[in-house]
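Structure first, commentary second.
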2 protein chains.
Amino acid sequence: MDLRKLKYFKVVADEKHIGRAAKILHISQPPLTRQIHQLEEELEVKLFNRTPKGMELTDAGILFREEVNNIFGLIEQATERTQKAGQGRLGRLDIAIFGSGIMGDIPKILLAFKERYPEVNVVLHTMGKGEQINALRQKRISLGFNRLLAPLPDIDSELVAIEELVLAINTNHPMASMPAIPFAKISDIPLILFPASNRPNFIDKTIRLCQLAGFTPNISQEVGDAVTSIALVASGFGACLIPKSASVLTIPGVVYKSLIEAPDETEVDLSCIFRKEDASPLLRAFLDIVIEYRTANEKLNR
Amino acid sequence: MDLRKLKYFKVVADEKHIGRAAKILHISQPPLTRQIHQLEEELEVKLFNRTPKGMELTDAGILFREEVNNIFGLIEQATERTQKAGQGRLGRLDIAIFGSGIMGDIPKILLAFKERYPEVNVVLHTMGKGEQINALRQKRISLGFNRLLAPLPDIDSELVAIEELVLAINTNHPMASMPAIPFAKISDIPLILFPASNRPNFIDKTIRLCQLAGFTPNISQEVGDAVTSIALVASGFGACLIPKSASVLTIPGVVYKSLIEAPDETEVDLSCIFRKEDASPLLRAFLDIVIEYRTANEKLNR
DNA sequence: GCATCTCAATACCTTTAAGGTATTGAGAGG
DNA sequence: CCTCTCAATACCTTAAAGGTATTGAGATGC
């Protein structure tokens, strides 16, 4: 079977005339005659009745014409869908996020991506840092959002945003009435830190910042995630440092305060990681959105 | 586009190796390399990643492979149907069934149809709900059997049967000795539900029934199909609800129990779907058989 | 770190089959 | 019976698929 023959058959069926069909197809009449004969031989079916006025479809030919139209429709659809997939406009993208990352920048990026590539099915998985790297290597995900990354030979990363840190503090604490809190004052307050795993982590970062400011933090509790941490602040365990985006979480008993007179780098990065050699257009399209988002944000902040 | 290229693509995709594929196709390696390149050029899409170990499909390539299989399926169907038509006995009906549907009513209907139209070649395909609708629209099938359908503008449906639900339970479970089980008792047992996709599905239905009965089900596991589900019951994961027809599956370790004191609608429909505008006499003949079957059954139950 | 091995890719020639020109054959109509 | 209008046949040309030999690139082993 050969698509050329099917195309020729279609035109002859429409024109009911080999000569005219040949003209439409920009070939001469004899080869077209031959192709039609070959098609009939191959199918072992007479598709046309030859009359002195031209060609007329048989019953089988009428059926075959419909089927041929279906075939061409499917081929067209296949090429279009494949081209879309090749440009990253169709398919499935598995992305890992971490617990508190679901607030702030990540949903904005996901929305921007979904708007531009509505036919891409984005599947979200919640994973810690180590798990993300495993999942990337096993190709279970194509991209992971994370913070405080250490470089790896097979994993690339792209910065998404840099967020300043704010202090979550109990409303009954004396400092809760201050408009902003000098960083050094933190030395007086018991701190709740998170997460307890996946080094280098936000705990290491906090400890380093305190040392830069000239004191050792008073660590009250280590917990697994930002939400637990804030819940403990509400019940009076102490205060905690969190990225500003997480401060959309409002709980009775907790207020968020900006920090002043803070060391440089009193901020935390949000990045995304992906396999260095992953050339999937879907991933690259996503990274383009991430970069756009970051540059738009940088301009805004200047 | 050229079917030769598609055929070659399929073999290379299967073998992940141009040399081996060339051998299978009884041609030498260089022309095959060229054909694959031409295909990629024509589609303007990279279909393979070249690795030192061979060829690996890209995401777009994976999609294209499926589409190509659909195309060949349609071509096969077209030639067969045309040949039959040429011999004056038009007759191939492509029908989709779902995993567990192969038990119960469907084979009875198929038998009834084959008895009345012995010359018609019925070809069965196993597909999920979404896939069936795709295949109907692409005219790769003429009819699909399914459950729990949502209405669609271009697809009509016809009810086949309504089946009561029974509980599959491990023989070691205390309730296994009861003659029948009150529905509310299900709240105590971990449930295995299926299928995990194709909403609205049987899982949604089960959850709704439990809510009607005044409790939230204790979901132990979601699986893809009824057979897996029953296998898990056998190994002690919990119990599951299945349509009565599937209870012909007997496995050591599983017994089936009727439910008493159950909410209304503790039953599930079996329907068939088809293109609204499909006037093919073959399809209409099949639907006639379906309707006859249903009315005969209804009388029987009265 | 060099040799080797295993792939796909390239270069160049051969063969197959599609396409073209000229002509014939067959049925219908005047 | 001539002619007109088609498709069919005969025979040549050309485009493109297939083949052989070789190269190039990335891994693997000593």
Side-chain angles (χ1 to χ4, degrees), chain A residues 1-58 60-62 64-65 68 72 86 137 139 153-154 275-279, chain B residues 1-58 60-62 64-65 68 72:
Chain A
M1 184 59 65
D2 177 357
L3 289 183
R4 187 195 287 110
K5 290 184 172 61
L6 298 188
K7 191 175 80 185
Y8 289 179
F9 164 79
K10 242 178 78 167
V11 178
V12 175
D14 288 343
E15 293 300 318
K16 305 174 188 303
H17 193 293
I18 293 227
R20 275 199 302 278
K23 229 165 219 163
I24 290 173
L25 290 164
H26 304 295
I27 60 173
S28 60
Q29 170 259 317
L32 183 53
T33 296
R34 186 161 32 126
Q35 293 287 343
I36 296 295
H37 273 122
Q38 285 174 3
L39 181 60
E40 289 184 322
E41 266 171 49
E42 186 176 351
L43 291 172
E44 299 175 312
V45 169
K46 232 181 109 197
L47 297 169
F48 293 97
N49 290 316
R50 276 72 170 173
T51 72
K53 307 193 111 189
M55 313 276 280
E56 200 160 62
L57 282 170
T58 61
I62 290 169
F64 191 62
R65 170 148 74 161
V68 167
F72 279 114
R137 288 187 174 142
K139 307 201 176 168
D154 55 337
R275 287 184 297 281
K276 201 169 264 179
E277 88 297 356
D278 187 344
Chain B
M1 184 60 63
D2 176 358
L3 289 183
R4 186 194 288 111
K5 288 183 174 63
L6 298 188
K7 190 175 80 185
Y8 289 179
F9 165 78
K10 241 179 75 166
V11 177
V12 175
D14 288 344
E15 293 298 319
K16 302 174 192 301
H17 194 296
I18 293 230
R20 276 199 302 278
K23 227 165 219 163
I24 291 173
L25 291 163
H26 305 293
I27 60 173
S28 61
Q29 169 258 317
L32 183 53
T33 296
R34 184 156 37 120
Q35 294 286 341
I36 296 294
H37 273 118
Q38 284 174 3
L39 182 59
E40 289 185 320
E41 266 171 49
E42 187 176 351
L43 291 171
E44 299 175 311
V45 169
K46 233 181 109 200
L47 297 169
F48 292 97
N49 289 317
R50 276 73 170 174
T51 73
K53 306 193 115 189
M55 312 276 280
E56 202 163 61
L57 283 169
T58 61
I62 290 169
F64 191 61
R65 169 148 75 161
V68 166
F72 279 115

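Order of the sequence lines fixes the chain letters, A, B, ..., with proteins taken first and strands second; residue numbering starts at 1 for each chain.
Under a cut-off of 6.0 angstrom, the local environment of CD in B:E42 is crowded, with over 12 non-hydrogen atoms contributed by other residues, nucleotides or ligands. For A:K276, the NZ atom sits in a packed shell: over 12 heavy atoms of surrounding residues, nucleotides or ligands are nearer than 6.0 Å. By the 6.0 Å contact criterion, NZ on A:K5 is enclosed, its count of non-hydrogen atoms from other residues, nucleotides or ligands being greater than 12. The number of heavy-atom neighbours closer than 6.0 Å to CD of A:Q38, taken from other residues, nucleotides and ligands shown, is above 12.
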* Go through B:D2 and A:R4 one step at a time and tell me if the salt bridge (Lys or Arg N to Asp or Glu O under 4.0 Å) criterion holds. => CA-CA 8 Å; B:D2 176 358; A:R4 187 195 287 110; over 6 Å; no
* To do: Report the C-alpha separation of A:F9 and A:F48 in whole Å, then their side-chain angles, then the decisive distance to 0.1 Å, and conclude whether the ring pair (Phe, Tyr, Trp, His ring centres under 6.0 Å) test is met.
  => CA-CA 10 Å; A:F9 164 79; A:F48 293 97; 5.6 Å; yes
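The distance from the CD atom of A:E277 to the CG atom of A:D154 is 7.5 Å, given to the nearest 0.5 Å.
A donor-acceptor pair is defined here as one N or O able to donate and one able to accept, closer than 3.5 Å; no such pair exists between the side chain of B:R50 and the backbone of B:M55. Checking side-chain atoms of A:T58 against main-chain N and O of A:K46 turns up a donor-acceptor pair under 3.5 Å. Remark: the backbone N or O of A:L47 is paired with a side-chain donor or acceptor of A:E40 at under 3.5 angstrom.
Within a heavy-atom distance below 4.0 Å of DNA chain D, the residues of residues 22-32 of chain A found are A:Q29, A:P30. Near-neighbour residues of DNA chain D inside residues 2-18 of chain A, defined by a heavy atom below 4.0 Å, number-ordered: A:H17, A:I18. Less than 4.0 Å separates DNA chain C from at least one heavy atom of each of the following residues of residues 36-57 of chain A: A:Q38, A:P52.
The distance from atom CD of A:Q35 to atom C1' of C:dA17 is 9 Å, rounded to the nearest whole Å.
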